[in-house]
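Just follow the structure's listing: the first ligand is 1, and inside any ligand the first atom is 1.
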Amino acid sequence: MTENEEKIFITRPLLPNLDAFGEHIKDIWDSKWLTNHGPKHNELEDKLKETLKVENLSLFNNGTTALLTALRALDLPEGSEVITTPFTFAATPHCISWNGQKIVFCDIEPDTMCIDADKIERLITPNTSAILGVHVYGFPCDVYKIDQIAKKHGLKVIYDAAHAFSTEIDGKGIGSFGDISMFSFHATKLYNTIEGGCLTYNDEKLKARVYNLRNFGIISEEEVAEIGINGKMNELQAAVGLLNLDLYKQEQEKRAVVRTKYMDEISKIDGIKIPLMPAKASNSYQYFPIVIEKEYPLTRNELYERFKEQNILTRKYFYPACSDYEPYKKLKSSNAKNLPVTNEIKEKVLCLPFYGDLTEENINKIIRILKG
Ligand code: T4K
């Protein structure tokens with residue numbers, strides 16, 4: 001066994017059949033068309049639109065370039081304020097800053113751990129241009145309340161749906177809410193294209209703009225209309241994406257079984273809370289977070305170390321919070337008194353290994369450690 005084989009990771013990527021991938025590679029080699037909106041890219045764009053139940057979809061080479069492009073496509077004024085959550089991966093605030101907007105962190109709601117819609121309005125100033133919510137762990141933000149606030153104040157709404165592939169709210173694709181949503185198809189995501197991502201949006205007029213921004217701002221051989229980026233997904237990524245589209249539901253079913261096994265046993269343990277999906281939303285099965293309360297005999301950090309001693313690599317997503325990061329910690333909105341829930345949750349949350357091929361033996365080992 002190699003060192004890696006002995007470890008239990010938080011996730012393992014969904015991998016298509018190698019021969020099937022070989023057939024795609026042969027097509028790509030034969031056509032000599034490797035990237036720049038090739039046939040597999042275009043086929044995947046069409047298919048994903050149906051899967052995610054959205055009107056418009058543009059593929060990207062990763063979720064971060066997609067989110068950067070989303071902010072640019074909405075023409076948020078430079079120096080304007082974007083209200084967002086500190087309880088997310090670094091990419092979310094980095095995209096706002098990289099794009100020249102100012103971050104205003106809003107505290108999170110304790111059950112879903114998403115931005116607390118009831119605390120957004122008090123942070124709005126004449127300089128606010130947008131709200132950027134994150135459907136963290138696939139739990140949905142309060143999209144209806146956020147929509148009301150945005151309409152009332154004339155703000156744009158962007159969602160980071162990196163963790164929410166195929167989640168639906170009241171039967172609608174989660175990517176159909178707000179002005180633009182971003183999905184990540186990174187290797188660690190339920191559905192992956194190795195690296196990759198997409199934007200989804202209702203306004204068809206954004207399509208051409210997103211297309212140009214994704215391709216350096218080029219609009220014709222002799223015309224570059226604006227400052228764009230290289231956000232294009234290549235044909236190899238798209239081939240993995242096409243094959244994984246046939247597999248992700250089966251992976252979700254396998255994860256549902258793992259989840260049930262975890263729930264049956266962990267729900268009996270005093271001091272461990274399992275955050276639940278609101279009834280109106282379907283589960284993407286991206287992560288399995290637990291919250292370690294005071295009644296539990298170990299702190300979250302002690303539990304993390306205990307797992308590590310047994311080669312089980314749980315993750316403290318998202319500790320530290322983004323408001324603790326060097327570039328953001330001095331912001332007024334990062335002050336601890338403004339973020340009591342974030343600062344409490346970041347010390348208590350732990351994501352357990354969660355993927356379809358997690359063996360019964362390993363699930364039992366994890367549960368045994370939790371039971372102490
Ligand atoms: N917004 C949110 C809310 C996000 O969570 C993310 C990304 C983004 C935006 C940006 O989207 P992208 O630009 O990435 O598309 C991972 C991922 O790299 C990152 O995509 C993800 N969020 C974040 C939550 O997790 P790390 O640093 O934790 O990954 P790493 O390398 O430690 O991998 C975790 C475990 O996964 C490994 O211990 C083993 C397993 N693994 C990983 C890789 C890469 C594999 O088995 N095979 C692999 O190839 O960031």
Ignoring hydrogens, just give me the one of P13, A162, A187 whose non-hydrogen atom is nearest atom 2 (C) of ligand 1. A162
Atom 25 (O) of ligand 1 sits nearest the protein heavy atom Y317 OH, 3.3 Å
Counting each atom of ligand 1 from 1 as listed, which ones have a heavy atom of A91 under 4.0 Å away? 8 (C), 9 (C), 10 (C)
Should you measure from each heavy atom of G196, which atoms of ligand 1 turn up under 4.0 Å away? 15 (O)
Hey, is C95 one of the residues with a heavy atom under 4.0 angstrom from ligand 1? no
Does any N or O atom in G63 lie less than 3.5 angstrom from one in ligand 1, N or O only? yes
Should the pair Y325 and Y328 be assigned to parallel (<30°), tilted (30 to 60°) or perpendicular (>60°) ring geometry? tilted
Just do the side chain to side chain contact (heavy atoms under 4.5 Å, CB included) check on V136 and T85 with the steps written out, would you? CA-CA 10 Å; V136 71; T85 169; over 6 Å; no
Distance to 0.1 Å, residue and atom name: give those for the protein heavy atom nearest to atom 35 (C) of ligand 1. I10 CG2, 3.7 Å
Closest approach of any protein heavy atom to atom 37 (C) of ligand 1, naming residue and atom: F9 CD2, 4.0 Å
T92 neighbourhood, listing ligand 1 atoms whose heavy-atom distance to it stays under 4.0 Å: 1 (N)
Less than 3.5 Å between some nitrogen or oxygen of E195 and one of ligand 1, yes or no? no
When you measure from the centre of the six-membered ring of Y355, is the NZ or CZ of K254 closer than 6.0 Å and no more than 45° off the axis? no
Cationic tip of R214 above F60 ring, under 6.0 Å, 45° of axis: yes
Considering only protein heavy atoms, which is closest to atom 15 (O) of ligand 1, and at what distance to one decimal place? S184 OG, 2.7 Å
Could you verify whether a donor N or O on one side chain and an acceptor N or O on the other, from K49 and N56, lie under 3.5 Å apart? no
What about F354 and Y287, are their ring centers closer than 6.0 Å? no
For atom 32 (O) of ligand 1, which candidate among H94, K316, R315 holds the nearest heavy atom? R315
Taking the six-membered ring of F288, is the NZ or CZ of R255 close enough (under 6.0 Å from the centre) and on axis enough (within 45°)? no
Has ligand 1 got any nitrogen or oxygen that is less than 3.5 angstrom from a nitrogen or oxygen of Y287? no
Give the intermediate values and the outcome of side-chain hydrogen bond (donor to acceptor under 3.5 Å, both in side chains) for residues H24 and K40. CA-CA 9 Å; H24 276 280; K40 294 190 191 293; 2.9 Å; yes
Determine yes or no for a side-chain-to-main-chain donor-acceptor pair under 3.5 angstrom, with Q237 supplying the side chain and H41 the backbone. no
Mind checking whether D160 contacts ligand 1 via backbone (N, CA, C, O), side chain (CB onward), both or neither, at a 4.0 Å heavy-atom cut-off? side chain
Among all the protein's non-hydrogen atoms, which is closest to atom 13 (O) of ligand 1, and how far away is it? T64 OG1, 2.6 Å
Out of H186, K189, M182, who is nearest to atom 21 (C) of ligand 1 when you count heavy atoms only? K189
Using the ring of each side chain (for Trp, its six-membered ring), is H163 parallel, tilted or perpendicular to F318, with breaks at 30° and 60°? parallel
Counting only heavy atoms, tell me which of R12, Q286, H135 gets closest to atom 46 (O) of ligand 1. R12
Geometry only, no angles: is T88 polar-contacting ligand 1 at N/O separations under 3.5 Å? no
Using only heavy-atom distances, determine whether the side chains of T125 and E81 contain a donor-acceptor pair under 3.5 Å. yes
Closest heavy-atom approach to atom 23 (C) of ligand 1 among Y137, F89, F318, F183 is made by F89
Looking only at protein heavy atoms, identify the closest one to atom 40 (C) of ligand 1 and say how far it is in Å. T11 O, 3.3 Å
Under 3.5 Å: donor-acceptor pair, side chain of S176, backbone of K172: no
How far is atom 5 (O) of ligand 1 from the closest protein heavy atom, and which atom is that? H163 NE2, 2.7 Å
Hey, is V136 touching ligand 1 through its side chain, its backbone, both or neither, going by heavy atoms under 4.0 Å? neither
Looking at ligand 1, is there an atom of it that comes within less than 4.0 Å of some heavy atom belonging to L313? no
From T188, L68, T85 - option closest to atom 16 (C) of ligand 1 by heavy atom: T188
We want to know whether N338 and S333 form a side-chain donor-acceptor pair, criterion being a heavy-atom distance below 3.5 angstrom. no
Any donor-acceptor N/O pair, D147 side chain to F177 backbone, under 3.5 Å: no
